[in-house]
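Below: one structure, written as structure tokens.
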Amino acid sequence: MPREAEPSLNERQFVLKALEENLRLDGRTFDKYRALALTFGDEYGVADVTLGRTRVLAKTSAEVTVPYADRPLDGIFTITTELSPMASPAFEINRPTETEILLSRLLEKTVRRSGAMDTESLCLVAGQKCWSVRVDVHVLSHDGNLTDAACFAVVAALRHFRKPDTSMEGGVLTVYTPAEREPVPLSWLHSPFCITWCFFGDEGQMALLDATWSEEQVRVGSCTISLNRHGEICQIAKLGGTPVEAVALLQCTNVALTKAKEFSTYLDKKLAEDAKRRDKDGLMAELSAENDR
Amino acid sequence: MTTKREPEAALSVLPKSDGSARYSYAGYTVTASVNGPIEAQRRDEHAYEAHVDVIVRPAAGVGGTRERHLETILQASLIQLILVKNFPRSLIQIVLQVEASPENDYVNTKLMQASLNSAVIPALLQTAVLALLSAAIPMRATATSAIVAVMTQDGASRLVAHPSPREIEAAQSVHVLAFTSQDGLLLAESEGDFTVKEWDDVYDTAKKICCKSGATKGEGIEMVLDEQEDSGPDMRQFLRSALETKVAADLHWK
């Protein structure tokens with residue numbers, strides 16, 4: 001597979017010199033995100049997130065399986081990130097790149113390890129049956145800041161998702177199809193969001209939010225902060241790169257909190273809109289049928 | 001459960017790839033990206049022609065045997081369309097991402113299924129052709145595809161074009177056919193029990209759906225009239241109009 005073209009010296013200088021003059025190539029201020037758009041699919045649990053020219057699709061699915069032997073009371077929750085050649089021909093199928101591994105680890109830490117979803121509620125019969133919820137992250141177009149977009153998509157998809165309803169009667173487990181019973185949402189505890197800062201300059205003195213691909217290629221370091229709207233930090237990842245002043249990091253965390261709040265409000269708004277849309281054509285009709293009886 | 005609505009297509013939806021398309025019809029939504037001609041890997045390099053790499057990615061779960069099978073079917077068809085001899089030692093990479101497939105509310109879907117899902121082939125092929133056109137890859141012809149199911153009811157068989165998942169489940173046999181823009185048969189995949197007579201009927205129906213526009217233009221109204229019951233849109237006309245819209249939008253500045 002062809003390697004991703006590295007930016008030329010001219011391009012590199014252009015981006016850096018502009019940043020020194022407090023300018024970004026797309027005219028944004030340093031702490032501004034590109035336009036964020038979220039659309040839900042017709043099915044439950046599909047979220048399509050566009051952040052500028054970056055586009056990520058997350059799809060949630062659930063099926064009944066046997067729980068892990070060492071965790072009989074927990075359900076299974078996995079997040080799969082596989083970068084296909086659709087994002088860039090440099091990505092190869094079945095050969096994970098560094099980007100892909102870092103992305104999946106970060107999502108794992110942010111969403112799964114922070115206990116965003118109550119995995120115990122996925123248990124159906126202790127040690128025998130449980131739900132296995134998986135989120136597939138598909139990167140359709142990669143123009144920088146994959147982490148934030150992917151994390152937002154995963155959280156949105158999981159919150160939108162409905163799993164089939166079940167019941168236990170006399171030791172017999174019944175899984176109802178969508179035609180029989182309206183599917184139920186997952187038990188969701190909090191919504192963490194990733195906010196990535198990129199550092200530029202010799203001492204990493206310039207910090208940028210939501211870097212594009214061309215900016216990401218010339219950065220000297222980056223720091224991903226995952227937190228929810230209550231300001232509870234799930235993780236901070238600063239993987240190598242130029243050291244950054246502690247005070248500057250504190251400043252970054254404060255801004256990250258306001259951004260997490262914005263994300264949260266936006267997601268809540270979109271979920272409410274979607275619920276309203278579904279209510280109009282499907283659910284209401286079903287409810288009225290019940291009343292007729 | 002699926003609503004029989006018109007097919008929809010958008011071209012060049014992904015900014016980073018050479019060509020891309022998003023196509024949705026009969027509950028299926030597929031996004032495709034095409035990169036090419038690009039440098040081929042040593043093992044894929046062919047001295048006289050381009051290597052066409054088709055990658056099918058399911059919406060949920062990792063691709064398995066079923067996706068590999070779909071890839072071989074599509075690759076064999078697309079090689080016939082693309083002028084591969086024009087690009088020796090290079091690679092044309094087609095990535096097809098299934099975004100949504102029609103839901104069957106009466107069964108809980110299993111994630112991993114080994115059986116062939118032929119209903120997705122028309123959507124995949126149509127998207128691939130649109131993406132190739134968007135990437136301006138030289139082609140011999142374009143292609144249109146249709147799926148026809150043979151249903152048996154009270155001893156009499158009935159043909160259903162673009163069946164829903166429930167109809168496919170109940171069908172006696174399911175056939176996927178694709179035709180080139182020169183009315184040549186490109187692909188024929190069949191599943192189930194059927195007779196030669198039934199297959200001939202299926203062939204005629206599919207050909208009508210795939211190659212209609214050429215015939216109706218000259219002969220006028222009576223052709224349209226006796227095809228009223230024949231469900232399914234005119235695929236070739238659809239392909240043409242999708243591209244016309246795109247070209248008109250691109251040349252808007254002129």
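Values below: every heavy atom of this structure, side chains too, minus hydrogens, waters and symmetry copies. Since this is a predicted model, take the numbers as computed values, not measurements. Residue numbering restarts at 1 for every chain, and letters A, B, ... go by the order of the sequence lines.
The neighbour count for A:F14 CZ, taken as heavy atoms of other residues, nucleotides or ligands under 6.0 Å away, does not exceed 12. Under a cut-off of 6.0 angstrom, the local environment of CZ in A:R71 is sparse, with at most 12 non-hydrogen atoms contributed by other residues, nucleotides or ligands. Within a 6.0 Å sphere centred on NZ of A:K129, heavy atoms belonging to other residues, nucleotides or ligands number 12 at most.
Using a 4.0 Å cut-off between charged nitrogen and carboxylate oxygen, B:E71 and B:R68 count as a salt-bridge pair. A salt bridge does not link B:R57 with A:D136: every distance from a Lys NZ or Arg NE/NH1/NH2 to an Asp or Glu carboxylate oxygen is 4.0 Å or more.
Contacts between A:R53 and chain B at a heavy-atom distance below 4.5 Å involve backbone atoms as well as side-chain atoms. Using a 4.5 Å cut-off between heavy atoms, A:L140 contacts chain B through both its backbone and its side chain.
Looking at A:R24, its side chain never comes within 3.5 Å of a backbone N or O of A:R28 through a donor-acceptor pair.
When the candidates A:K59, A:M86, A:E82, A:R55 are compared by the number of heavy-atom contacts under 4.5 Å with chain B, A:M86 comes out ahead.
Listed by first then second residue, pairs satisfying side chain to side chain donor-acceptor pair (under 3.5 Å) with a partner in residues 78-88 of chain B number zero, not counting sequence neighbours.
Chain A is approached within less than 4.5 Å, heavy atom to heavy atom, by B:L14, B:P15, B:K16 from residues 10-21 of chain B, ordered by number.
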